[in-house]
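To start, the structure itself, in structure tokens.
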There are 2 protein chains.
Amino acid sequence: MSPTPASSAAPSALTRKLAVFTTLTRAEEARLERLQAQRRRHPARTELLHEAQGDHAAFVLQDGWAMSYKLLADGGRQVVDFQVPGDFLGLRSLLLRTSDHNVAAVTDIVVAEVPPRELRELVETEPRLAMALLWAASRDEAMVVEHLVGIGRRSPMVRTAHQVLELHQRLRLVGLADDGSFACPLNQYVLADALGLTAIHLNRTLRQLRERGLMTFRKGRVEIHDAPAMMALAGFEDAYLDQRAPRPS
Amino acid sequence: MSPTPASSAAPSALTRKLAVFTTLTRAEEARLERLQAQRRRHPARTELLHEAQGDHAAFVLQDGWAMSYKLLADGGRQVVDFQVPGDFLGLRSLLLRTSDHNVAAVTDIVVAEVPPRELRELVETEPRLAMALLWAASRDEAMVVEHLVGIGRRSPMVRTAHQVLELHQRLRLVGLADDGSFACPLNQYVLADALGLTAIHLNRTLRQLRERGLMTFRKGRVEIHDAPAMMALAGFEDAYLDQRAPRPS
DNA sequence: CGGCACGTTGAGTGGAATCAAGAAGTGTGG
DNA sequence: CCACACTTCTTGATTCCACTCAACGTGCCG
């Protein structure tokens, strides 16, 4: 939770992520950092963007976790996706007249507000960065699709394992996970609302995964004990995450 | 099923759709039609794009219905979205290294192949059209999100009604539905795979909707008998479809 | 200490899947 | 013209999984 100043030498998580898609020049990196100069904090468990609101803004998450979700008339909640550092928040709603979903902070977070006109300017003057941003947006959409498939056609245990593996991969991409574990601030209610389960049933599912020696999810930390078995169980193919081989130099 | 020549006076479905988002000049309309000049047919029940394949192409659907879906190891299928005239096919996979889903023709279809470089050229020279295309892409993504919410948190009857209402709205936008009904070539197996149900249970669900006097789904045609009651049941809010008021002139 | 958020477990129920079978409609070839 | 295959739709009986309701544990914080 230490907000690095934009002038810092350390690249932002967004820069790290886009560097996987393409090689970035010094100038492009600097431009990306400049785009994220305007930082601010936002407290845990509060809404950052609301569906109804008309004035849109997009953010880049710098630190902490967020989630996007929709609420139903009957009080139900469906979490559409989680966001980790380097991810955009509310990007899609820049173009639609009204934002179609809510975004809330899971933990205390640090975001960089990206004014629409600055983004447009960047797109017009830096075509390579524009392509990289489109790649990131396509990847986000592919994750939503994979999520849809999971809820529609995978069993609770398989889809839970899948979700965990996806988060692990995403965090590794921005340097926030090691080989076998990662910090995960989600509680079982939130995760259940993402997986289309009740918290109670998720709890039992997690227990089964634990008893099979596959993984543990406890006290803000996920430990993956048997990654190959998890991947086999989940039918996890990371092609949709488009993890390209790191470029030479 | 009559493929109109690109030089025809009648605007393509894509043009009709984008004209809802913004006012198009004659020149822009012409440019859009030119983009879709290269037309070809594709037979029903055959694959147009496959996940594994590396060479990507994007298409604009001119006539007929298509669907995008993913297959699972256990033989399951999840239909992610249906496409109707005016919709893009395989647009997202232009940026990801490998296409992450399959696209198949539901009926005999006519598509226009959009070469990646022509699309890039259009984006660079026609910023207003580029914005309109991004709007369409955002709308597509919003539909996937809504679909996810339905499968995750809505009951089978509610989500079935919701899907039907969405298709109705989409078809109206391109002039393919009247107020109370539309031609729908989907069979119950395909629709069930979209809704995350078995075909058997969908059949019973459709019967309930029929017995309640809400709608009938039969012989390739959907009749909506009580639209207000359907919308109330489904909790249908069309904001995510971003149906803007038609522009003056 | 009490209150609260979060996690855990048990018992019972309901609803969607599964298994099984048949009806209705369509196309094809003898 | 009819027999046959095939697709699509429909219904019934049964099973099982995930939800619901209820309760209790645990750790944290005021």
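Throughout, protein chains are lettered first and strands after them, A, B, ... in sequence-line order, and every chain is numbered starting at 1.
- Between B/D81 and B/R170, at least one side-chain N (NZ, or NE/NH1/NH2) sits under 4.0 Å from a carboxylate O, which counts as a salt bridge.
- More than 12 non-hydrogen atoms from other residues, nucleotides or ligands lie less than 6.0 angstrom from CD of A/Q169.
- Not counting sequence neighbours, the partners of B/R77 by the salt bridge (charged side-chain N to carboxylate O under 4.0 Å, His left out) test are B/D193.
- In this structure, the ring-ring contact (aromatic ring centres under 6.0 Å, His included) partners of A/F236, at least two apart in sequence or on a different chain, are A/H162.
- Under 4.0 angstrom from either OP1 or OP2 of C/dC6 there lies at least one side-chain N or O belonging to A/N187.
- Near DNA chain C, meaning a heavy atom under 4.0 Å from it, residues 211-223 of chain A has no residue at all.
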Side-chain donor/acceptor pairs under 3.5 Å, residues 195-208 of chain B, sequence neighbours excluded:
unit_1	atom_1	unit_2	atom_2	d
B/T198	OG1	B/H201	N	3.2
B/N203	ND2	B/Q188	OE1	3.0
B/T205	OG1	B/H201	O	2.8

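- Mapping heavy-atom proximity under 4.0 Å, the span of DNA chain D touched by chain B runs 5' to 3' from D/dT7 to D/dA13.
- Qualifying side chain to side chain contact (heavy atoms under 4.5 Å, CB included) partners for B/A229, counting only residues two or more places apart in sequence or in other chains: B/L214, B/D226.
- Near DNA chain C, meaning a heavy atom under 4.0 Å from it, residues 69-83 of chain A has no residue at all.
- Inter-axis angle, ends of the helix from C/dC1-D/dG30 to C/dG30-D/dC1, five pairs per end, rounded to 10 degrees: 30°.
- Not counting sequence neighbours, B/H147 has no partner by the ring-ring contact (aromatic ring centres under 6.0 Å, His included) test.
- Residues forming a ring-ring contact (aromatic ring centres under 6.0 Å, His included) with A/H101 (at least two apart in sequence, or on another chain): none.
- A/E113 contributes no side-chain N or O that, together with a main-chain N or O of A/R39, makes up a donor-acceptor pair within less than 3.5 Å.
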Where along nucleotides 10-21 of chain C does protein come under 4.0 Å, by heavy atom, of base (B) or sugar-phosphate alone (S), with - for untouched nucleotides?
BB----SSBBB-
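- For B/R218, the CZ atom is loosely surrounded, since the number of other residues' heavy atoms within 6.0 Å does not exceed 12.
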Set out, in order, the CA-CA distance, both residues' side-chain angles and the distance that settles side-chain hydrogen bond (donor to acceptor under 3.5 Å, both in side chains) for A/Q83 and A/S68, then state yes or no.
CA-CA 8 Å; A/Q83 284 83 38; A/S68 49; 3.3 Å; yes
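- In this structure A/Y240 satisfies the ring-ring contact (aromatic ring centres under 6.0 Å, His included) test with no other residue, sequence neighbours excluded.
- The phosphate of C/dT8 (OP1 or OP2) has a side-chain N or O of A/Q188 nearer than 4.0 angstrom.
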